[in-house]
Amino acid sequence: MKEALTSLLDQAIKALIAKEQVPEIPDLVPQIDHTKDASHGDLATNLAMVLAKKARMAPRDLAAAIIDALPTNDLIAKTEIAGPGFINFFLNQASHVEVVRSILKNGPKFGSSNSGAGRRAQVEFVSANPTGPLHVGHGRGAAIGDSLSRLLVATGWSVHREFYYNDAGQQIANLARSVQARAQGLTPEDSNWPEDGYRGTYITDLATAYQNKITVSAADRTITALGDIDNLAAIRDFAVAWLRREQDLDLKAFGVRFDEYFLESALYESGEVTDTVTALESAGHTYEEGGALWLRTSDFGDDKDRVMRKKDGEYTYFVPDVAYHFNKWQRGFERVINEQGADHHSTITRVRAGLQGLAKGIPDGWPEYVLHQMVTVMRDGAEVKLSKRAGSYVTLRDLIEWVGKDATRFFLAARSASSQLTFDIDLALSQSNENPVFYIQYAHARVCSVKRKALTEGADWTPEAGLDYLDTLTTSEELALALLLAKFPDVVASAAQRLEPHDVANYLREVAAAFHGLYNAHKLIDEDNKNQSLARISLAEATRQVIANGLDLLGVSAPESM
RNA sequence: CCGCUCGUAGCACAAUCGGAUAGUGCAACGGCCUUCUAAGCCGUAGGUUGCAGGUUCGAAUCCUGCCGGGCGGGCCA
């Protein structure tokens with residue numbers, strides 16, 4: 001519909017240019033928006049206001065000229081000039097409801113597009129080190145990252161989901177010492193408990209499992225515990241596998257999967273870390289000072305240079321980060337999107353600087369980042385900071401147990417990543433009837449219920465049968481709902497382009513509200529008015545399909561009854 | 001002190017990257033079930049978009065300054 005209108009406007013402008021009423025403007029693409037207010041019509045363009053200055057005409061006069069120049073067509077019922085110079089388009093009935101046919105025909109594919117054209121994108125998210133259970137921040141990352149992946153798939157990209165972690169660093173050594181201490185019978189209160197040791201009760205579970213010589217399988221590794229308390233390396237390997245498995249269970253319960261788990265240690269083993277340093281040196285972006293090797297990141301927008309290799313010969317953390325991202329580049333991902341907590345924002349400049357320093361033709365905005373702000377968990381009016389299991393933070397599993405997977409995913413993905421988020425447990429629970437997730441799911445279940453009821457009238461009371469009677473859909477509720485459904489492909493494309501999954505959540509709430517409103521205003525099934533009933537069932541089914549498709553993008557289920 | 005980021009109704013969040021009268025849910029108040037699911041609907045009330053300037057046809061959105069919250073600022077990761 002928008003495409004058709006864009007084409008009409010394009011022709012109108014060309015006609016005006018031919019008559020020399022408007023100067024030629026290269027790259028002009030008429031912008032057409034859905035209106036917020038029905039009194040402004042169905043679609044509107046600000047074209048006249050944008051062009052007014054260059055055409056040396058008053059916006060409203062120019063708008064009138066554009067309307068005059070519009071080719072005749074059978075889409076538009078009427079046009080109006082409004083406000084400072086908006087052109088409002090009122091679509092006719094058929095233009096409104098034709099989308100129902102398209103939705104039923106395309107089913108789960110409705111809303112998808114192919115702007116990605118099969119090009120390869122990678123989304124890296126969660127990337128938690130295996131030192132403890134996933135916390136709510138990881139949960140937010142998982143919800144957002146997975147929805148981003150789904151959005152990219154829906155817009156035609158070939159998406160690779162990756163989880164990056166370190167199984168050999170200082171934190172892991174600390175983990176191993178903590179487990180060993182527990183196995184030796186120490187507690188965090190003891191004076192010889194490891195400094196900065198992990199204190200959660202999961203360490204105790206881990207120590208017990210290790211001593212019982214348990215075998216654990218995670219997505220990327222399987223290991224059997226040796227049970228030898230003195231073998232720190234064996235404890236470490238077991239602890240990593242055990243925690244990876246814990247995280248896998250959390251992610252599975254959350255409906256999130258990965259294509260690849262990438263180990264930081266692999267970058268050292270393959271020599272890619274040292275190769276990266278060598279490449280940066282030969283590109284002339286490094287210097288030695290104070291016994292350390294520095295990268296001139298200030299050449300690429302950083303506020304000061306950074307140490308790459310310390311006096312003791314060890315590399316600083318961002319060197320493997322650069323090597324890792326060069327590895328991603330070499331794997332041929334046209335787009336790489338990193339979903340991380342905002343506390344990592346300072347690494348963005350450094351990673352990009354390192355990649356630029358390699359001089360391999362990597363675009364300077366590559367990779368892309370989506371950073372999410374902190375999550376605060378509230379319960380009984382107070383912040384929840386502790387979890388017994390984790391020792392110092394609320395876990396993703398806690399949230400799922402408290403409010404369920406669907407509500408957790410929705411709450412964590414339905415807000416803009418750039419805003420700090422307060423997760424109110426009481427709201428999400430007391431909800432049972434008030435939660436926005438249920439509001440949307442309820443609309444879906446209602447349609448399913450209507451369809452079941454319709455079939456009791458006769459076997460031919462199907463959504464498909466209604467497609468022959470779409471002209472009977474004429475009430476304001478029906479037309480508004482149809483128009484809203486027609487926006488879905490735009491919403492998906494825009495959310496994917498902006499990397500903002502929460503757009504989908506907001507849109508679904510509008511769709512659910514429009515449907516609930518229609519449901520209460522008009523009886524959908526009326527045995528005495530079969531044709532109209534069938535058309536309404538078609539519209540309801542189209543609504544259900546859009547809700548199901550949208551919820552799927554958020555990883556939330558669409559129940560057939562509630 | 002410096003950098004990034006956020007500040008919207010009592011609370012939690014939106015606002016189609018500059019559009020028209022700033023929306024939605026919770027909480028509050030008043031209505032609607034012998035009818036397809038009342039986990040719903042309809043209505044009322046609630047705002048100087050932190051503050052002060054600027055840019056233009058038009059600002060919650062962009063710019064400057066200030067105030068406040070968060071996160072960073074290590075040869076830690």
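Chain identifiers are assigned alphabetically (A, B, ...) following the order of the sequence lines, protein sequences preceding nucleic acid strands; residue numbering begins at 1 within each chain.
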Exercise for the section: May I ask you to say what A:Ser418 touches in the nucleic acid, namely base, sugar-phosphate or nothing, with a heavy-atom cut-off under 4.0 Å? Expected result: sugar-phosphate

Practice task
Looking at every strand, decide which applies to A:Met49 at a 4.0 Å heavy-atom threshold: base, sugar-phosphate, or nothing.
Solution key: base

Problem - 4.5 Å side-chain heavy-atom contact, A:Tyr507 and A:Val546 - result: yes

Practice task
Would you write the dot-bracket representation of RNA chain B, where each base gets (, ), [, ], | or . depending on whether it forms a Watson-Crick or G-U pair under 3.5 Å and with which partner?
Solution key: (((((((..((((.....[...)))).(((((.......))))).....(((((..]....))))))))))))....

Exercise for the section: Under 4.0 Å between any heavy atoms, over every strand shown, what does A:Leu421 touch: base, sugar-phosphate, or nothing? Just pick one. Expected result: sugar-phosphate

Problem - Ring-on-base stacking B:G40 with A:Tyr519 (under 5.5 Å, under 30°) - result: no

Practice task
Compute whether any side-chain donor of one residue and acceptor of the other, for A:Asp302 and A:Thr349, lie under 3.5 angstrom apart.
Solution key: no

Problem - For the student: nearest non-hydrogen atoms of A:Val375 and A:Arg140, plus distance - result: CG2-CD, 3.5 Å

Practice task
Specify the glycosidic conformation (syn or anti) of B:C33, with syn defined as within 90° of 0.
Solution key: syn

Problem - 4.5 Å side-chain heavy-atom contact, A:Gln532 and A:Tyr469 - result: no

Practice task
Starting from P on B:C42, measure out to NE2 on A:His522 and report it in whole angstrom.
Solution key: 12 Å

Practice task
Name the residue closer to the 5' end of RNA chain B, choosing between A:Val450 and A:Ser346 according to the nucleotide with the nearest heavy atom.
Solution key: A:Val450

Problem - Atom-pair distance (CZ on A:Phe411; P on B:C13), nearest Å - result: 10 Å

Exercise for the section: Please check the phosphate of B:A77 (OP1 and OP2 only) for any side-chain N or O of A:Thr347 closer than 4.0 Å. Expected result: no

Handout entry: Phosphate OP1/OP2 of B:U16: any A:Lys487 side-chain N/O under 4.0 Å
Key = no

Practice task
Select base, sugar-phosphate, or nothing to describe what A:Ala44 touches, counting heavy atoms under 4.0 Å on all strands.
Solution key: base

Fill in the blank from the handout: Result for side chain to side chain contact (heavy atoms under 4.5 Å, CB included) between A:Tyr369 and one of A:Val351, A:Ile337, A:Leu499 points to A:Val351

Exercise for the section: Determine whether the aromatic ring centres of A:Tyr164 and A:Tyr324 lie less than 6.0 Å apart. Expected result: yes

Problem - Between B:G50 and B:A60 - P atom distance, rounded Å - result: 10 Å

Exercise for the section: Verify the contact: side-chain N or O of A:Arg498 to OP1 or OP2 of B:A15, cut-off strictly under 4.0 Å; return yes or no. Expected result: yes

Exercise for the section: Look at the side-chain N and O atoms of A:Lys523 and state whether any lies under 4.0 Å from the OP1 or OP2 oxygen of B:C33. Expected result: no

Handout entry: Integer angstrom distance from the C1' of B:U64 to that of B:G72
Key = 24 Å

Handout entry: Presence of salt bridge, A:Glu124 and A:Lys328, under 4.0 angstrom
Key = yes

Practice task
Measure from CD1 on A:Ile81 to C1' on B:C57 and round the result to the nearest Å.
Solution key: 15 Å

Problem - A:Arg446 side chain near B:A38 phosphate (N/O to OP1/OP2, under 4.0 Å) - result: yes

Problem - Stacking of A:His502 on B:A14 base (centres under 5.5 Å, planes under 30°) - result: no

Practice task
Give A:Asp312 one of three labels, base, sugar-phosphate or nothing, depending on what nucleic acid heavy atoms sit under 4.0 Å from its own.
Solution key: nothing

Handout entry: Side-chain N,O (A:Tyr164) to OP1/OP2 (B:A77) below 4.0 Å
Key = no

Practice task
Measure the distance from CZ on A:Arg415 to P on B:A15 and round it to the nearest whole Å.
Solution key: 12 Å

Practice task
Have a look at A:Asn88 and say if it touches a base, only the backbone sugar-phosphate, or nothing, with a 4.0 Å heavy-atom cut-off.
Solution key: base

Handout entry: Sugar-phosphate, base or nothing in reach of A:His40, heavy atoms under 4.0 Å
Key = base

Handout entry: Contact nearer the 5' end of RNA chain B, comparing A:Gly290 with A:Ser39
Key = A:Ser39

Problem - Euclidean distance, atom CD of residue A:Gln420 to atom C1' of B:C4 [Å, nearest integer] - result: 13 Å

Exercise for the section: Look at A:Lys310 and B:C76 and indicate whether a side-chain polar atom (N or O) is within less than 4.0 Å of OP1 or OP2. Expected result: yes

Handout entry: CD/A:Glu560: more than 12 non-hydrogen atoms of other groups inside 6.0 Å
Key = no

